[in-house]
Amino acid sequence: MTNPAERIAALRTELDEHNYRYYVLDEPSIPDAEYDRLFRELQALEAEHPELVTPESPTQRVGGEALAAFGQVRHEVPMLSLGNAFEEQDLFDFDRRVREGLDLPAGDLFGGGSEVEYSCEPKLDGLAVSLLYQDGQLVRGATRGDGTTGEDISANVRTVRNIPLRLKGEGWPQMLEVRGEVYMPKAGFEALNARQVEAGGKTFANPRNAAAGSLRQLDPKITASRPLEFCCYGIGQVSEELAETQVGMLEQLRGWGIPISRELKLARGAEQCLAYYGDIGARREQLAYDIDGVVYKVNRRADQRQLGFRARTPHWAVAHKFPAQEEVTELLDVEFQVGRTGAVTPVARLRPVKVAGVMVANATLHNMDEVARLGLMIGDSVIIRRAGDVIPQVMQVVLERRPAQARAVQIPQQCPVCGSAVERTQLVRRSKGRESLSEGSIYRCFGRLSCQAQLKQAIIHFVSRRAMDIDGLGDRIVEQLVDTGLVASPADLYTLTYEQVVALEGFAEVSARKLLAAIDASRSPSLARFIYALGIPDVGEETAKLLARALGSLTRIEKALPEVLVWLPDIGAEVAHEIHSFFEDAHNQAVIGALLARGVQLQEQGDLHAEFAACASFAEFINRLQIPFVASTGARTLAERCAGLPELIALSQDWLDLNQLKGLNEKARQSLRDFFAEPANQARAQAIEAQLRDFGMHWQSERKVAEGLPLAGQTWVLTGSLESMSRDQGKARLEALGAKVAGSVSAKTHCVVAGPGAGSKLTRAQELGVAVLDEEAFIVRLATLEAAG
Ligand code: IVH
């Protein structure tokens, strides 16, 4: 058996090497699971031999004891900052000063002159730190502070995963101070904020603040839990000279295990610097971390020394900034917009400000919870962020600048467009057999299609490609149609005349005829498209397809009770309620009636789908009546005892019989009796039962086998990724074979297709003993079934 000290040393070297390959070279050579195994082996050995634990061990990144205060660190070589270039001209000026400083011949109109070599790197948006290595061991970490004195954050930097605790290889100076930026990658930042929200803690406005807040923690365990990374861009004091160029030196450091930028490049002259700036700028959004510009440094270190520095900025380096993605401006007002489903959303009206090169005057505020989270008041100074194509967002209030006359943001009681009542949505929750309502974060105008704002959006949705697919009816035209009063409901589209259309702005003979033809062509949609086009809140394409397939006719969908809809897969109480109340609404009924009267003919009407035949069991039916204290076991007992609902009602009212029933306790018996003593409850239960029967979903319905389709009645689940097709394609092929494709695995699942990256669904399938196919087997199965069909 190997000696533990040797094994520990070997494990540390191996783990350090993997860390280096992973973080510095970006070429991991073993899977994460293998790394974890080695790590756990080391942890176990160290637990057995605590005397062998050293501060450099890769296990020692969890963070030690909390400090009372940070100590101070004096920077022997001051930590400088950079001058900025904003315009191209600033860069040309910088380059000219460098050439003058180095006594290089100037160019003339025809070019010429000598070009200076610059090292180029992104300018990371984090905070500068200094790391001191002595005899190859990390001995100290410090913040920049005022450039001369910083804070001792040694315990914290040790928790940053890609900072080596000891240098690798050989040839490093006995004393080596490296400098660079600690930052938080964007993905880690998003995940951290999500965790903070969940834990009810405060969120960070941007990755930079998050990095600073995480590194300047007195408790290093907190730092250890934050996704920080380090990137080196230079050195401080060294006991021996390093390579003679900036790029050479950074590469030398990388060889010792210090992470440097993967975007490090050498440029000749200002023009090549500009090309670098353009290239990084174009990829800015795709980078894993925030940057606010690029940095050019004269490459020859002898030249750097000759150029020197003044005050706190070197003459040999400059930061070429990108247009800022964040700006401060004033919140002038909050207005409310009404969306398709009536959601009333706050929109920030801002004092116009240029952010990342574009004038911004509005920003979305999502909902009133977001307004509350930001603590926003009208008149506040706010930080606005616009990154790439993302819509501008309000990130934070600058509280110190809040004016005395700042006003609270209030949700209007009436819809700003139609004057109908605005109410906060309620969320229906069910627990322990009781329904409870809680407040949602959305406010809604209840004007429905009588509200012009909702009407416009509803029509835009109605005609959209995946709905009725009416080509040539753009948003502007819809607005005109509504504003001119020609269209007051989707049904009015089908009575538009040539004279009306040709008179609209932007129309001529040909375009008017084309639009009318497109409207005409949309008259025979599938039931699923039609349901989707109606724009029922929470009913997307998938739910629309499901409703169409399960119930087969508009009439059934219209009259379906919420308690019946919830028997369909993926329809919860919330959605069932939305569907039901949509069809109960008199205005909606009138619109649907008019659509049908004006010649819209739905396809695929009539058949009930075999997949849902007899899907309701009597026990589950009783369970879902939500009788207090009668849970699923009680429901099963009752279902065994009674042949059907009439017997159940009779039993509940017969005290003697009920008392003899085993498997139901006193409280449950009492509650059952009280429940059915209420005529309204009896009537409701009867109505649900009757409808389940009507829809073929009743437990006594005939279980039809779908004719022809080989996978009818089967539920499949797709998880992980597929290489030869998209998941949507896989789903479509399964559905064409009669299968239902569900989102979660249960005992009723027939088969799970697990591609690479499959996680909890695969585990669940294995636990339940559900059949699992890999992609290859899946393709073979599909091909065989399709060929047979
Ligand atoms: S060089 C003498 N390179 O920007 C040179 N700084 O305003 C000193 N920064 O405090 C810094 N990325 O926090 C340099 N590639 C990079 C950088 C970088 C980010 C930060 C650093 C510094 C500030 C300078």
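What you see is a predicted model, and the numbers here were worked out from it, not measured in a lab. Counting starts at 1 for both ligands and their atoms, in listed order.
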Test log, rule side-chain contact (heavy atoms from CB on, under 4.5 Å), inputs Glu326 and Ile384: CA-CA 5 Å; Glu326 287 187 3; Ile384 303 298; over 6 Å; no
When you check ligand 1 against the protein, what N or O pairs turn up below 3.5 Å? List the atom names and distances, or just say none.
| from | atom 1 | to | atom 2 | distance (Å) |
| --- | --- | --- | --- | --- |
| ligand 1 | 3 (N) | Lys297 | NZ | 3.1 |
| ligand 1 | 4 (O) | Lys123 | NZ | 3.2 |
| ligand 1 | 7 (O) | Leu82 | N | 3.2 |
| ligand 1 | 12 (N) | Leu124 | N | 3.1 |
| ligand 1 | 13 (O) | Glu181 | OE1 | 2.5 |
| ligand 1 | 13 (O) | Glu181 | OE2 | 3.3 |
| ligand 1 | 13 (O) | Tyr233 | OH | 3.4 |
| ligand 1 | 15 (N) | Pro122 | O | 3.3 |

Residue pairs involving residues 304-320 (criterion side chain to side chain donor-acceptor pair (under 3.5 Å); sequence neighbours excluded):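 Residue pairs with at least one partner in residues 304-320: Thr148-Arg312, Glu244-Arg305, Gln246-Gln304, Tyr296-His320.
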Salt bridge (Lys or Arg N to Asp or Glu O under 4.0 Å) against Arg373, all qualifying residues, sequence neighbours excluded: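 Arg373: salt bridge (Lys or Arg N to Asp or Glu O under 4.0 Å) contacts with Glu370.
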Ring pair (Phe, Tyr, Trp, His ring centres under 6.0 Å) against Tyr35, all qualifying residues, sequence neighbours excluded: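 With neighbours one apart ignored, the set is empty.
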Trace of the ring pair (Phe, Tyr, Trp, His ring centres under 6.0 Å) decision for Tyr277 with Phe322: CA-CA 9 Å; Tyr277 177 85; Phe322 291 132; 4.9 Å; yes
Flag, side chain of Ser130 to backbone of Ala142, donor-acceptor distance under 3.5 Å: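 Absent.
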